[in-house]
Amino acid sequence: MTSPITESQAGLPKPITGAGDARKSREGDSRDNGNGGRVLNAFSHGFLAVWAIMIVFPLCWIILSAFKNNSEIGSSAWSWPSHWSFGAFGRAWTRASATTSSTP
C-alpha cells in the first residue's frame, strides 16, 4: 500500500496565515520606525493640500474673470461679476473664427 501524499510533496502552496499570526510577527520585528510613518503621512498630506490650493485658486480666478467685462477685470480680480453674462465667450468665438478664416 502507498503512503498518502502530503501538501509539501504535492507542490501546493503553504496556507495563508491569519491576521493574528501576522500581528505577532510584526510585534517582534526589530525594524520598527516608531512615528516615522506618521510624520511622512502628515508631510505628504500637507504637500497635497498646498498643491491643491495652488491649482484651485487660479482656476477660480479664471472662472470668475470669464464672466466679467473689461472694466470689472481691471478693477478687482477677486470680486464677483456684477452681471453674469456670456458676452465674452461670444466675442472670443467671433474673434477666433475671424482670425482663423483669414489665414490661407
- prompt: Out of curiosity, does Trp51 fall in the hydrophobic cluster containing Ile62 (side-chain heavy atoms, cut-off under 4.5 Å, transitive links)?
  reply: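 Different hydrophobic clusters.
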Sequence neighbours left out, what passes side-chain hydrogen bond (donor to acceptor under 3.5 Å, both in side chains) with [X]? Give chain and number order.
{"X": "Ser82", "result": "Glu72"}
{"X": "Ser75", "result": "none"}
{"X": "His45", "result": "Asn41"}

field: Closest contact, heavy atoms only, Ala66 versus Ala88
entry: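 It is O-CB, 3.7 Å.
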query: If you measure from CD1 on Ile55 to SG on Cys60, what distance do you get to the nearest 0.5 Å?
result: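 The SG atom of Cys60 is 11.5 Å from CD1 of Ile55, to the nearest 0.5 Å.
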message: Among residues at least two apart in sequence or on other chains, which ones pass side-chain contact (heavy atoms from CB on, under 4.5 Å) with Ser65?
response: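 So Ser65 forms a side-chain contact (heavy atoms from CB on, under 4.5 Å) with Trp61.
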query: What residues, two or more places apart in sequence or in another chain, satisfy side-chain contact (heavy atoms from CB on, under 4.5 Å) together with Trp84?
result: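 If we apply the side-chain contact (heavy atoms from CB on, under 4.5 Å) test to Trp84, skipping adjacent residues, the hits are Leu64, Phe67, Trp80, Pro81.
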task: On the 0 to 90° scale, with breaks at 30° and 60°, tag the Phe86-Phe89 ring pair as parallel, tilted or perpendicular.
output: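 Taking Phe89 first and then Phe86, their aromatic rings sit tilted (interplane angle of 30° to 60°).
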task: Kindly give the cluster partners of Val50, where membership spreads through any ILVMFWY side chain lying under 4.5 Å from a current member.
output: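 Met54, which link up through side-chain heavy atoms under 4.5 Å apart, make up the rest of the cluster.
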